[in-house]
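Taking it in order: structure first as structure tokens, then the write-up.
Predicted, not measured: the structure shown is a model, and the values here were computed from it.
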Amino acid sequence: MLRLWFSYLHLMELFKPNMNVVEVKDKFTLDENLSKFGDDLPPIVLVHGIFGFGKGRLGGLSYFAGAEKKDERVLVPDLGSLTSIYDRARELFYYLKGGQVDYGEEHSKECGHSQFGRIYEQGHYSEWDEDHPLHFVGHSAGAQVVRVLQQMLADKAFKGYEHTSENWVISITSLSGAFNGTTRTYFDGIQPEDGKTLKPICLLQLCRIGVILYDWLDIAWLKNYYNFGFDHFKMSWRKIGVWGLVDCLMGNSGPFASEDWILPDLSIQGSIKINYRLQTFPNTYYFSYATKQTRKIMGITSPSSILGVHPLLFIRVLQMSQWTHPSDVSPPYKGYRDEDWQDNDGALNTISMTHPRFPIEHPNRFVEKDSDCQPMQPGIWYYKYVEGDHVLFIINRERAGVQFDLIYDSIFERCRKHVFRKKLPTLPNEIHH
């Protein structure tokens with residue numbers, strides 16, 4: 001069990017009078033802290049990335065390698081593994097609040113899928129509101145999903161929920177977060193000209209065909225085991241028949257035709273488009289871990305090791321470290337430089353993971369030691385570099401070794417230092433004024 005050491009307890013107000021933040025600093029273990037605050041302790045929501053899965057999938061395998069066992073109030077939602085950032089943010093809201101997923105009428109018509117999706121008869125945290133906010137930890141694309149969700153809350157974008165706000169989120173922690181896109185999308189088949197269409201022959205074309213066939217066959221036990229998340233496109237043979245399958249494979253219908261899937265969102269152009277409407281909010285705590293598996297040797301970026309990189313990612317680390325934007329294609333943003341995008345972890349470029357940078361750089365601060373962010377201020381992206389590849393802190397805990405526990409212990413400790421409560425707790429020998 002995670003151990004948290006604190007020095008004293010003090011209170012500070014950040015929001016409305018009934019929205020006090022308690023920063024816990026006493027030398028209590030987490031168990032003692034839990035008993036002190038009881039069921040009011042805000043849950044921590046772990047949000048998976050691309051090709052990821054939540055609790056209950058893949059025979060009970062943990063995407064976060066069992067990190068959720070480090071705290072008694074952790075939620076691990078199962079979202080679409082290849083669905084768009086927008087669709088996943090909508091799914092995450094209803095997973096927490098309950099009800100039927102509503103993707104929005106305008107978006108659904110534009111993208112050619114059903115407006116409504118999965119039904120949650122009971123939300124996993126139905127009391128979620130400004131008085132009962134949440135901590136979020138997102139890996140890879142999961143971090144961007146949480147940012148989009150927070151913006152939707154600020155914009156009151158959920159029909160029937162007129163009182164949502166950005167203050168429903170206490171903190172966002174990013175593990176290798178996909179904030180600014182990745183050049184790997186271009187290696188895998190996204191056209192660098194527009195950042196969304198596919199090359200005629202590429203790895204992503206094989207992926208596209210495989211996913212369409214998987215959903216068309218619609219084998220119940222297989223989809224219960226693992227689901228790409230495209231049920232709202234209704235690509236089952238029961239719905240579209242053989243000619244509907246042909247239509248999807250020809251690129252005339254389905255998520256790949258409307259570009260309502262994850263890869264266009266992960267190109268540099270797609271990420272900039274998303275970032276245009278996302279804010280960093282002044283009352284939320286932000287922290288990100290940026291992974292890197294490269295180093296410069298005589299001015300040339302190359303993999304920092306062979307044994308330290310997952311075998312499936314080594315070639316990608318090498319490719320991405322040598323990336324050059326096509327000379328006959330306009331750069332994705334003003335001031336673009338290839339050398340800025342060469343450090344990477346095999347899936348994302350390190351520049352993309354620190355904090356939102358494009359089209360506008362958000363408030364940020366580099367952290368070398370934990371003391372660099374003490375006391376931690378809201379509204380600032382604190383970021384730290386970690387030597388490792390993109391899957392270091394998920395799936396296989398043994399690969400990360402002691403680093404795995406150090407990272408997750410820091411995350412949970414940071415979350416538990418900021419506890420929102422409707423009423424201020426009164427401790428022995430302490431009176432609040």
Side-chain angles (χ1 to χ4, degrees), residues 1-4 6 14 21-24 28-49 52-56 62-79 88-89 91-93 95-97 123-150 153 166-177 281 283-289 370 373 376 378 381-382 384 393-394 397 404-421:
M1 175 59 70
L2 170 66
R3 294 185 177 181
L4 304 180
F6 310 104
L14 288 182
V21 176
V22 179
E23 184 174 359
V24 184
F28 294 131
T29 63
L30 183 57
D31 284 337
E32 290 169 326
N33 190 24
L34 284 168
S35 64
K36 179 183 295 297
F37 295 104
D39 291 338
D40 282 340
L41 200 64
I44 300 169
V45 185
L46 305 183
V47 184
H48 64 75
F53 49 90
K55 188 175 182 180
S62 170
Y63 178 87
F64 288 92
E68 62 269 27
K69 297 177 182 177
K70 286 179 168 288
D71 191 280
E72 293 183 15
R73 289 176 65 77
V74 175
L75 298 171
V76 190
D78 181 63
L79 309 175
R88 292 180 62 192
E91 292 163 7
L92 181 53
F93 177 85
Y95 166 91
L96 294 165
K97 287 297 289 183
H124 289 76
Y125 193 60
S126 57
E127 59 264 54
W128 187 31
D129 60 19
E130 197 162 321
D131 292 327
H132 305 86
L134 289 165
H135 296 283
F136 289 88
V137 178
H139 175 254
S140 190
Q144 190 76 321
V145 168
V146 178
R147 291 189 66 223
V148 170
L149 173 59
Q150 186 178 29
L153 294 170
E166 65 274 15
N167 292 334
W168 285 30
V169 178
I170 310 174
S171 71
I172 297 176
T173 302
S174 165
L175 285 170
S176 307
F281 293 99
N283 295 327
T284 303
Y285 294 92
Y286 300 93
F287 199 99
S288 61
Y289 295 88
D370 286 345
C373 57
M376 192 174 180
W381 283 93
Y382 293 88
K384 190 174 189 177
F393 300 112
I394 61 170
R397 187 171 187 166
F404 180 96
D405 290 301
L406 289 174
I407 290 289
Y408 280 104
D409 285 357
S410 296
I411 293 171
F412 285 105
E413 177 180 353
R414 197 176 301 115
C415 289
R416 291 307 176 219
K417 280 184 177 179
H418 302 98
V419 183
F420 282 57
R421 296 177 57 80

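- Within the 3.5 Å criterion, the main-chain N or O of W128 finds a donor-acceptor partner in the side chain of K97.
- Here the straight-line distance linking atom CG of L175 with atom CZ of F64 works out to 7.0 Å at 0.5 Å rounding.
- For the atom pair CZ of F412 and CG of D405, the computed distance is 11.0 Å after rounding to the nearest 0.5 Å.
- From H135, atom NE2 reaches atom CG of D71 across 9.0 Å, with rounding to the nearest 0.5 Å.
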Scan the side chains in residues 141-149 for donor-acceptor partners under 3.5 Å anywhere in the protein, sequence neighbours excluded, and list what turns up.
| from | atom 1 | to | atom 2 | distance (Å) |
| --- | --- | --- | --- | --- |
| Q144 | OE1 | R147 | NH1 | 3.0 |
| Q144 | NE2 | F179 | O | 3.4 |
| Q144 | NE2 | N275 | OD1 | 3.1 |
| R147 | NH1 | N275 | OD1 | 3.0 |

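- Across A67 and F404, no two heavy atoms sit closer than the pair CB-CZ, 3.9 Å.
- Interatomic distance, N167 CG to D131 CG, rounded to the nearest 0.5 Å: 10.5 Å.
- Here CZ of R73 is found 5.5 Å from OH of Y125. Values are rounded to the nearest 0.5 Å.
- Ring pair F93/W168 is parallel by interplanar angle, where below 30° counts as parallel and above 60° as perpendicular.
- Under the ring-ring contact (aromatic ring centres under 6.0 Å, His included) criterion, Y95 pairs with Y120, H124, sequence neighbours left out.
- In terms of heavy-atom proximity, E68 sits nearest to S62 at OE2-OG, 2.8 Å.
- Judged purely by atom type and a 3.5 angstrom limit, Y286 has no side-chain atom pairing as donor or acceptor with the backbone of S174.
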**Message:** Between R414 and Y285, does the side chain to side chain contact (heavy atoms under 4.5 Å, CB included) criterion hold? Intermediate values first, please.
**Reply:** CA-CA 10 Å; R414 197 176 301 115; Y285 294 92; over 6 Å; no

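- Using modelled atom types, one side-chain atom of Q150 and one backbone atom of E166 make a donor-acceptor pair closer than 3.5 Å.
- Taking every heavy atom of both residues into account, R397 and A65 meet most closely at CD-O, 3.7 Å.
- Side chain of H48 to backbone of D78: no donor-acceptor contact under 3.5 angstrom is found.
- Between F287 and Y382, the ring planes are parallel. Angles under 30° get that label, and only those over 60° would be called perpendicular.
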**Item:** Derivation of the side chain to side chain contact (heavy atoms under 4.5 Å, CB included) call for R88 and V47
**Value:** CA-CA 10 Å; R88 292 180 62 192; V47 184; 4.2 Å; yes

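- The shortest distance between side-chain heavy atoms of T173 and I44 does not fall below 4.5 Å.
- P77 has its side chain out of reach of K55: every pair of non-hydrogen atoms, C-beta onward, lies at least 4.5 Å apart.
- Under a cut-off of 6.0 angstrom, the local environment of NZ in K384 is crowded, with over 12 non-hydrogen atoms contributed by other residues, nucleotides or ligands.
- Of the inter-residue distances, the one linking I170 atom CD1 with F136 atom CZ reads 9.5 Å to the nearest 0.5 angstrom.
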